[in-house]
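In what follows, residues are counted from 1 in the order of the sequence shown. Only this structure's heavy atoms are used, side chains among them; waters, hydrogens and symmetry mates stay out.
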Amino acid sequence: MVVESLKGKLVLLSTTAYARFVVQRVFDSGSDASVRKVYSEIVNSDGGLDVLIIDPYGHYVVKAPLRRLTELNSTLFKIIALKVLERAAEHEKHEFAVHVLRECRYILYY
């Protein structure tokens, strides 16, 4: 129910100081299906993932649920991690993207 009401607004909410906690709560306590649905929307939105990775608030929304997706053994995690790693040189220049890049490398390689 909550996920449906957020549909189409997830990237905007994720880049807003306190609204990002709503999106993160879905990842923390939502069902596996909800987690996949929300992350799929973010990844499939036009430039959404790139916007969030370099955003001071959005990078938390990308980084935190990566572990949850790993626990689900989700191929979605691998898609996200590979998208992030494809642009590693660019992401290393951004203060916030570095944290997401580090998280992807850690989970993939360790």
Side-chain angles (χ1 to χ4, degrees):
M1 178 95 160
V2 173
V3 174
E4 290 303 318
S5 66
L6 298 176
K7 193 172 183 173
K9 303 172 193 142
L10 291 168
V11 174
L12 176 62
L13 289 171
S14 297
T15 59
T16 307
Y18 295 103
R20 77 173 169 91
F21 293 120
V22 174
V23 179
Q24 283 184 271
R25 178 56 88 186
V26 172
F27 292 121
D28 293 339
S29 60
S31 68
D32 294 351
S34 294
V35 170
R36 286 187 179 102
K37 188 179 239 182
V38 169
Y39 229 74
S40 291
E41 180 176 328
I42 289 171
V43 170
N44 294 324
S45 65
D46 187 30
L49 184 61
D50 292 329
V51 167
L52 295 182
I53 288 172
I54 63 172
D55 187 80
Y57 305 112
H59 82 281
Y60 289 109
V61 173
V62 174
K63 189 174 73 165
L66 287 173
R67 289 190 185 113
R68 172 89 187 264
L69 289 169
T70 303
E71 291 169 11
L72 297 175
N73 197 18
S74 175
T75 55
L76 183 57
F77 165 74
K78 292 176 183 163
I79 292 167
I80 294 164
L82 291 173
K83 281 187 175 192
V84 171
L85 293 173
E86 279 176 358
R87 298 178 62 191
E90 182 181 331
H91 293 317
E92 286 176 351
K93 298 174 187 175
H94 293 282
E95 176 182 0
F96 305 110
V98 167
H99 299 289
V100 177
L101 188 59
R102 189 178 311 135
E103 190 76 19
C104 288
R105 284 178 176 152
Y106 179 78
I107 294 171
L108 276 177
Y109 302 121
Y110 298 105

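Applying the ring-ring contact (aromatic ring centres under 6.0 Å, His included) definition to pairs two or more places apart or across chains, those involving residues 29-63 are F27-Y39, H59-F96, H59-H99. The side chain to side chain donor-acceptor pair (under 3.5 Å) contacts involving residues 82-96 comprise D50-R87, R87-E90, E92-R105, where partners must be two or more places apart or lie in separate chains.
In the hydrophobic cluster analysis, where Ile, Leu, Val, Met, Phe, Trp and Tyr join through side-chain heavy atoms closer than 4.5 angstrom, V22 is grouped together with V38. Residue V98 is not grouped with residue V84 when hydrophobic side chains (ILVMFWY) are merged at heavy-atom distances under 4.5 angstrom, including chains of intermediate members. Both I80 and Y106 sit in one connected hydrophobic cluster of ILVMFWY residues. Membership requires side-chain heavy atoms under 4.5 Å apart, directly or through other members.
Once rounded to the nearest 0.5 Å, the distance linking CG of L108 with CD of E103 reads 10.5 Å.
Not a single salt bridge (Lys or Arg N to Asp or Glu O under 4.0 Å) links D55 to another residue, sequence neighbours left out. For L82, there are no side-chain contact (heavy atoms from CB on, under 4.5 Å) partners at least two apart in sequence or on another chain. Residues meeting the side-chain contact (heavy atoms from CB on, under 4.5 Å) test with L13, sequence neighbours left out: L6, K9, A19, V23.
In this structure a side-chain-to-backbone donor-acceptor pair under 3.5 Å is present from T15 to L12.
Across C104 and A81, no two heavy atoms sit closer than the pair SG-CA, 3.8 Å. Residues V35 and G30 approach most closely at CG2-O, 4.2 Å, considering heavy atoms. Residue G48 comes nearest to V11 through the heavy atom pair CA-CG2, 3.9 Å, listed as atom of the first residue, atom of the second, then distance.
By the 4.5 Å side-chain criterion applied to Ile, Leu, Val, Met, Phe, Trp and Tyr, Y18 is assigned to a cluster that also includes F21.
More than 12 heavy atoms of other residues, nucleotides or ligands shown are found within 6.0 angstrom of CG on N44.
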